[in-house]
Amino acid sequence: MSVRPFSRANLAATVTTGYLPLALSVLVVFLPLLWMVLSSFKQPGEIVTVDLKVLPESLNLENYRVAMTTVPFGQFFFNSTVVTVVGSSIKVVLAILTAYALVFVRFPFKKAIFVLILVALMVPPQVAILPNYILIAGLGGKNTLWGIILPGLGTAFGTFLLRQHFLTLPVSILEAAEIDGAGHWRRLWRVVVPVSLPSIATVALVTVVSEWNDYIWPLIITDKPESMTLPVGLTLLQNSEGNGAGWGIMMAGAVLVILPILVVFAMLQRYIVAGLTQGSVTG
Amino acid sequence: MFLALALPNLALIATFTYLPLINNIYYSTLDWTLGAASATVVGLDNYVAFFTGPDAGRVLGTTAVFTVATVGGSMILGLLVALALNTKVRGTTFARSAVFAPYVLSGVGVGLVWLFIFDPGYGVLAWLLRGIGQQSPQWINDPQLSLAMVILVYVWKNLGYCAVVFLAGLQSLPKDVMEAASLDGANDVRRFISMSLPLLSPTTFFLLITTMLSSLQAFDLIRIMTPLGNGTSTLIYEAYLQAFGAYNRAGYSASVSVILFAILLIITVVQLRFVEKKVHYS
């Protein structure tokens, strides 16, 4: 306590141990993203140069126009949106139904089934790409949106997270509904779902983020631009722009794939962070 | 009623998670070109070819370097960032969200941004190096540098996750114990090494396992930054390249996937054993 709160020494200490590391961490994250945005407005002449030009000469959208016309970006955006919305909606509903069944419905092999879901949580989709490719391609799902969506629909993560939440609900509210003569279906949608909205939002947001960013599966199951999602389409753009002049266009493409998630994250980060780091504190 | 509610999800999990595991093992016993109508059963030949050929050393070596470097890098830097966030200055809430953000962004988008930064001709890094009179190294063509580049970007993308988890751990440390230590005259560094670090061990262990599992599955960044796998063929990327790259060797690819799955399984089992014993001080 030898340092007075507002003394110069204390101020210096606060800046060096408090603000400086904090500012540094934030800058390391933001500078590359800022560079992406700035570069997306630059013309080839501003990029293919020995002198670094930090700011673009004008905020013109030429790169975005070129990106959209070189490859069917509008189509990619549409495909990504359909895959994300349809895929996430179904996954969230399936997770709610399964978690409700696991917690509130009597059934002989519930423990064993839950263990199988837990184990599935540990199996990464990456090791299943070849067999799933053969299965889906055999069903005629190559280059289709349902072929992209279907293999990822089963949800172990959402089921697990919602089950943990449903277990914490007070039994009394359900008993009251049971006495009123409400069946499982009514109890699920009228009682359990309304009181679990924050947990459901967490599952929904984490699912939306991972569907939008998903790369390996859409990359394998599509090879025609009409059915590609944004991340896969960006690969196409990368292939078509070999020289340095194409960087501005590629940065425009990167903005289009990164920005939607960044906006969603900025607005609802509380749920997303909670969902993605779950299990860390309680162990 | 139970089945009516749970069956669709369970059937999907069985079809697209469990069935592929079995099929992979079956495919791994085949000499089979992807797209070909017929295949020959060759038993364990694919595994023998992997372990006795040059691939084992190259792929397992790359996987080990990538995993150790990314896990170590993101955990150490994540802990430092967590310490920076664990102060009482204003703006920590914003900074916490900001450092977490890269973790949720598209690996493809992030990979392209960093590829531009590393571009030996027109990248920011090349410009900085020219400033101190250096030529930019060939980040993409040199196999050792391409691995280092991908590791760097992977750590950038994932350290926020470690930071946020470490921060939660730091904030749940018993306050009375920490205060007692500081009354005893232990300084910050001393307190951190002999108190915080051991008390954080459950968090550290949790992160070690989760980051190791996700590093072993890393695909997006590697694929977009090094499309040919020049120096960056980890197990998952090798499995992809063998089946869907130039070779169409489906059987061989399946055997690499099975090896990867075996490694993931061992890590998971180790985790479960440890969690039972509890890496706890309470």
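Residue numbering restarts at 1 for every chain, and letters A, B, ... go by the order of the sequence lines.
Considering OG1 of B/Thr93 and CZ of A/Arg270, their distance stands at 12.5 Å, rounded to 0.5 Å. Atom CZ of B/Phe2 sits about 11.0 Å away from atom NE2 of A/His184, to the nearest 0.5 Å. How far CZ of B/Arg223 is from CD1 of A/Ile216: 10.0 Å, rounded to the nearest 0.5 Å. One finds the CG atom of B/Leu85 at 6.5 Å from the OG atom of A/Ser25 (value rounded to the nearest 0.5 Å). Expressed to the nearest 0.5 Å, how far NZ of A/Lys42 lies from OH of B/Tyr122 amounts to 14.0 Å.
Heavy atoms closer than 4.5 Å to chain A are found in both the backbone and the side chain of B/Ser97. Residue contact with chain A, scored on non-hydrogen atoms closer than 4.5 Å, is absent for B/Val258. For B/Leu264, the part lying near chain A is the side chain, with the backbone staying farther off; criterion is any non-hydrogen pair under 4.5 Å. When heavy atoms are compared at a cutoff of 4.5 Å, B/Ser214 does not approach chain A at all. Residue B/Val164 touches chain A through its side chain alone, counting heavy-atom pairs closer than 4.5 Å. Interface residue B/Arg90: backbone and side-chain heavy atoms are both found under 4.5 Å from chain A. In this structure, chain B has heavy atoms under 4.5 Å from both the backbone and the side chain of A/Leu262. B/Ile236 touches chain A through its side chain: at least one heavy atom from C-beta onward sits under 4.5 Å away, while N, CA, C and O do not. Contacts of B/Leu10 with chain A are made by side-chain atoms alone, with heavy-atom separations under 4.5 Å and no backbone atom involved. For A/Leu150, the parts sitting under 4.5 Å from any heavy atom of chain B are the backbone and the side chain alike. Contacts between A/Leu276 and chain B at a heavy-atom distance below 4.5 Å involve backbone atoms as well as side-chain atoms. With a 4.5 angstrom heavy-atom cutoff, A/Val232 does not touch chain B via any of its atoms. When heavy atoms are compared at a cutoff of 4.5 Å, B/Tyr26 does not approach chain A at all. Contact annotation for A/Leu135: only side-chain heavy atoms (C-beta onward) come within less than 4.5 Å of a heavy atom of chain B. Looking at B/Ile117, only its side chain comes within 4.5 Å of chain A, counting heavy atoms on both sides. At a 4.5 Å heavy-atom cutoff, B/Ala239 makes no contact with chain A through either its backbone or its side chain. When heavy atoms are compared at a cutoff of 4.5 Å, B/Thr87 approaches chain A solely by way of its side chain, counted from C-beta outward. Heavy atoms closer than 4.5 Å to chain A are found in the side chain of B/Leu34, but not in its backbone. Both the backbone and the side chain of B/Thr92 have a heavy atom closer than 4.5 Å to some heavy atom of chain A.
For the pair A/Leu94 and B/Pro8, the tightest heavy-atom approach, listed with the atom from each and the gap, is CD2-CB, 3.7 Å. Across A/Ala254 and B/Val113, no two heavy atoms sit closer than the pair CB-CG2, 4.1 Å. Taking each heavy atom of B/Tyr18 and A/Ala120 in turn, the nearest pair found is OH-N, 3.5 Å.
B/Asn9 and A/Thr159 form a side-chain donor-acceptor contact under 3.5 Å, judged by distance and modelled atom types alone.
Ranked by heavy-atom pairs shorter than 4.5 Å toward chain B, the options A/Val206, A/Leu20, A/Val273, A/Val93 are led by A/Val273. Put simply, of A/Leu102, A/Leu219, A/Leu230, A/Leu33, the one with the most heavy-atom pairs under 4.5 Å next to chain B is A/Leu219. With chain B as partner, the option from A/Ala95, A/Pro151, A/Pro21, A/Pro124 having the largest number of non-hydrogen pairs under 4.5 angstrom is A/Pro151. Options A/Tyr100, A/Trp185, A/Tyr215 differ in how many heavy-atom pairs under 4.5 Å they form with chain B, and the most are formed by A/Tyr215. When the candidates A/Ile220, A/Val26, A/Leu153, A/Val257 are compared by the number of heavy-atom contacts under 4.5 Å with chain B, A/Ile220 comes out ahead. Looking only at heavy-atom pairs under 4.5 Å with chain B, the residue among A/Leu234, A/Thr155, A/Ile117 that has the most is A/Thr155.
At a threshold of 4.5 Å between non-hydrogen side-chain atoms, the residues B/Leu5 and A/Thr98 do not count as touching. No side-chain heavy atom of A/Asn213 sits under 4.5 Å from any side-chain heavy atom of B/Leu105. A/Arg106 places none of its side-chain heavy atoms less than 4.5 Å from the side chain of B/Met1.
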**Study point:** B/Thr268 vs A/Val119, side-chain contact (heavy atoms from CB on, under 4.5 Å): CA-CA, chis, key distance, verdict
**Key:** CA-CA 10 Å; B/Thr268 307; A/Val119 174; over 6 Å; no
Exercise for review: Begin with the C-alpha distance, continue with both residues' side-chain angles, and end with the deciding distance and a verdict on side-chain contact (heavy atoms from CB on, under 4.5 Å) for A/Thr277 and B/Phe100.
Suggested key: CA-CA 11 Å; A/Thr277 58; B/Phe100 193 83; 4.0 Å; yes
Practice item. Step by step, work out the side-chain contact (heavy atoms from CB on, under 4.5 Å) result for B/Phe116 and A/Met251. Key: CA-CA 8 Å; B/Phe116 179 34; A/Met251 289 308 104; 3.8 Å; yes
Going by atom type alone, with no hydrogens or angles, which donor-acceptor pairs under 3.5 Å involve a side-chain atom of residues 126-134 of chain A and a protein atom two or more places apart or on another chain?
| unit_1 | atom_1 | unit_2 | atom_2 | d |
| --- | --- | --- | --- | --- |
| A/Gln126 | NE2 | B/Gln217 | O | 2.9 |
| A/Asn132 | ND2 | B/Phe16 | O | 3.3 |
| A/Tyr133 | OH | A/Lys142 | NZ | 3.3 |

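Evaluation of the side-chain hydrogen bond (donor to acceptor under 3.5 Å, both in side chains) rule for B/Thr17 yields no partner, not counting sequence neighbours.
For the pair A/Trp247 (side chain) and B/Gly123 (backbone), a donor-acceptor distance under 3.5 Å is absent.
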